[in-house]
Amino acid sequence: MPRIRITPKNLYAELSTAAEKLNAGRATLQAAKDATLGSCARQEVFRIDNVVLYRYQARTVVDNPVPVLIVYALVNRPDMADLQHDRSLIRSLLDRGLDIYLIDWGYPDGADRRLSLEDYICRYVDASVDFIRAAAKQTKINLLGICQGGTFSVCYSALRPEKVRNLITTVTPIDFHTRDDMLSHLFRHVDVDLLVDSSGNISGDMLNAIFLSLKPFRLAQQKYVHMLDTLDDVETTRMFMRMEKWIFDSPALAGEAFREFARDFYQNNGLIKGNIRIGDRRVALESLRMPVLNIYASNDHLVPPAASLALGEYVGSDDYQALEFPGGHIGLYVSLTAHELLPSAIHEWLGQR
Amino acid sequence: MSDPNAWAEMQQQLQRVWQTLLQQVNGADMGGPWSQFGFDPGQTQPGLDAFSQWFNKGLYGLFGAPLQGWPFSGGVGSDRSASNAWFGMAPSEFVAMKDLPPLGLNRETELRWRELSEALKDQIDASNQLNRQLAGICTAALKRFQKSITNNEKDDIEITSLRGLYDLWIITAEQVYAEQVMTPGYSKAFGNCINSTARARKIWQELSDAAQASMNQPSRSELDSLIERQHALAAEVRALGERVLGDKDLAALHARIDALSQHVEGLTPAEQNKQSADDNSATAKKQPVHGPAKHKRGVAAKRPRKAKARPRAARSVHEFDIGNIRSETEPSPK
């Protein structure tokens, strides 16, 4: 029995359906082209250089007096945490009575190329934390880091443990040399200094090209072929367009910060070796003595589970918990399943501490 | 094509996959449902051409497009061996010049141009090497795909649509790609491609800067220098601000204010009036005055009176009067 049974009749039906979808697609894409990101009201409360701290408007009675500061990655925009009303981590956390702040790093330009990790972690994060501590009249606040922002949160918490009550990391790389880390493998032989010296800031397009090259057949081809299936559905296409906007609305990375992160974290795997220095201080993971919740995605192709799970081996905290969620790096925030599970897990964990 | 052999091998493999596909959908004897449409082993070229064209375009989109944003980059299918897009000059022409030593006024500039030509040649080599790797990955993926659609008896999964077939191809290709990319050879080729591109860009920027400077135009290196200085200056100002108004300083300042307040509250009304009169008198003599602390200690009186008034901004840092806290920042009179 042949395994492939594509008959002329089947193929004709398939192509006819595809043609119909394509026909409808024109109107659908027109209707979906203005899809905007973000579903929650927020207010700028603090600004330092190009970095803005937002506070999200409460959607219910705040039941936890300790605010949560979301620290996003420098790559892409933080809109992914509030993509649309039914796929919004922030909205769900607000609905559960948490007080949410978020740092928006902005779009670094040529004048920002000298910004280092010390600037980002010891100035921008620290100033934001201090602002929130003062505003909320709390000595410590909760940090929630996403991806690279999780690594930043880990570093910050290790340097300033007296200001962090609970640390939550999501899809956060800690061990950058795990066997299945394709991104790290690709960067192994790149001369980072030469790259930064010749490029200044590292463009978002270049970073996106590298991210797409991790799964080129799937991310640069198949997903657009599959898009055909929903081309007659405005709402689904609108979400697709929001994801497209989020993926490709990609700020450049400040050259110096990129240099330090790519060289010291990715190439030298300095975080678990204990030789990362931010400014004049060493980042010691054993200094993380506050409660730590480490959330990772089971099918993460960017930050493999092992890269995140390494945190548990090095933290000094007795209250450490790792939580696995089904899905990939992005799916953790935008899939329906994760959307139901993730905010509850965070809210519950914080509520117990 | 950057490496005719590598890509020719891939095309041959593509042809074999096409033949296998036709046999699979039409039966081994090709007498199945598709024979009425003229498909048989001897007349597959039109379909293959279309398939091949689509496949190659797809590959270009995958591997070629992301690199196009980079100057000096090639991408899948681009021919970088004969010329480069920037100068329209064969690298061999650049390379041939290197045997002749440059002389005279333009000697150093000439050497830089030769460096660029060497860097461009390296970039082309590295780009070709990466392209060869990618072609090899595609060939290996096609082989595995062919195998997966041939050995169908063992598998009970049935593919009844073009989409199903396409998805199977994607899964197979991603598997092979992931395996190959994780080899040291690919990582090295990828790194070489990025590094050689960056090196060529850097030399090009330096030459471009020299040309800008000769026309009295701002250059990249000047901008970088200004950014560097501005960044250092901002850090210095922040550090100074932290020293002047740091937590410890502020706490000491608050303590001193509290002590002074208590002292003033303890004075009789007559003493308060006398104190106020003394303060006003001191204020009139010393301009500007920001607080009472130094008058009591006489610091202001020790300051050289003959010093000419300096610009306000220049004074503000050193003469920020917060009692004894910043006394060590007093500028030495010049």
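The structure presented is a predicted model; accordingly, all values stated were derived computationally and were not measured.
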Side chain / backbone / both / neither for [X] at chain A, heavy atoms under 4.5 Å:
| X | value |
| --- | --- |
| B:Leu162 | both |
| B:Thr183 | backbone |
| B:Leu226 | neither |
| B:Ala235 | neither |

Exercise for review: Say whether, by atom type as modelled, one donor and one acceptor occur between the side chain of A:Gln222 and the main chain of B:Ile170 under 3.5 angstrom.
Suggested key: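 No: the side chain of A:Gln222 does not pair with the backbone of B:Ile170.
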
Exercise for review: Mark yes or no for whether B:Arg163, through its side chain, and A:Val225, through its backbone, hold a donor-acceptor pair below 3.5 Å.
Suggested key: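 Answer holds: yes.
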
Review point. Any side-chain donor paired with an acceptor under 3.5 Å for B:Asn195 and A:His189?
Key: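 On atom types as modelled, these side chains do not qualify, holding no pair under 3.5 Å.
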
Can you tell me how far apart [atom1] ([X]) and [atom2] ([Y]) are? Round to the nearest 0.5 Å.
| X | Y | atom1 | atom2 | result |
| --- | --- | --- | --- | --- |
| B:Ser187 | A:Arg188 | OG | CZ | 6.5 Å |
| A:Ile4 | B:Ile149 | CD1 | CD1 | 4.5 Å |
| B:Glu174 | A:Gln221 | CD | CD | 9.5 Å |
| B:Thr160 | A:Glu14 | OG1 | CD | 8.0 Å |
| B:Gln205 | A:Ser198 | CD | OG | 6.0 Å |
| A:Leu195 | B:Arg199 | CG | CZ | 11.5 Å |

Practice item. Report yes if some heavy atom in the side chain of A:Leu115 is under 4.5 Å from a heavy atom in the side chain of B:His231; otherwise report no. Key: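 Contact flag for A:Leu115/B:His231 side chains = yes.
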
Review point. Under a 4.5 Å cut-off applied to non-hydrogen side-chain atoms, are B:Thr172 and A:Phe217 in contact?
Key: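 Not touching, per the 4.5 Å side-chain cut-off.
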
Quick check for you: among [options], which has the greatest number of heavy-atom pairs under 4.5 Å with chain A?
| options | answer |
| --- | --- |
| B:Ala173, B:Ser161, B:Gly191 | B:Ser161 |
| B:Arg238, B:Gln230, B:Lys188 | B:Arg238 |
| B:Ile203, B:Asn192, B:Asp167 | B:Asp167 |

Review point. Minimum heavy-atom separation for B:Tyr177 to A:Ser213, with atom names?
Key: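 Residues B:Tyr177 and A:Ser213, closest heavy atoms: OH-O, 2.6 Å.
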
Point to revise | Where A:Arg113 and B:Ile227 come nearest, the two heavy atoms and their spacing | key: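 Looking at all heavy atoms of both residues, the closest pair is CD-CD1, 3.8 Å.
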
Should we say atom [atom1] of [X] is surrounded by more than 12 heavy atoms from elsewhere, each under 6.0 Å from it?
| X | atom1 | answer |
| --- | --- | --- |
| B:Glu236 | CD | no |
| B:Arg16 | CZ | yes |
| A:Lys245 | NZ | no |

Segment of [X] engaging chain B (4.5 angstrom heavy-atom cut-off):
| X | result |
| --- | --- |
| A:Asp112 | neither |
| A:Asp180 | backbone |
| A:His226 | both |
| A:Arg123 | side chain |

Practice item. Dump the intermediate steps for side chain to side chain contact (heavy atoms under 4.5 Å, CB included) on A:Leu186 and B:Tyr186, then the final yes or no. Key: CA-CA 8 Å; A:Leu186 276 181; B:Tyr186 188 89; 3.6 Å; yes

Review point. If you tally heavy-atom pairs under 4.5 Å against chain B, which of A:Asn10, A:Leu15, A:Leu194 wins?
Key: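 Top option by heavy-atom pairs under 4.5 Å: A:Leu194.
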
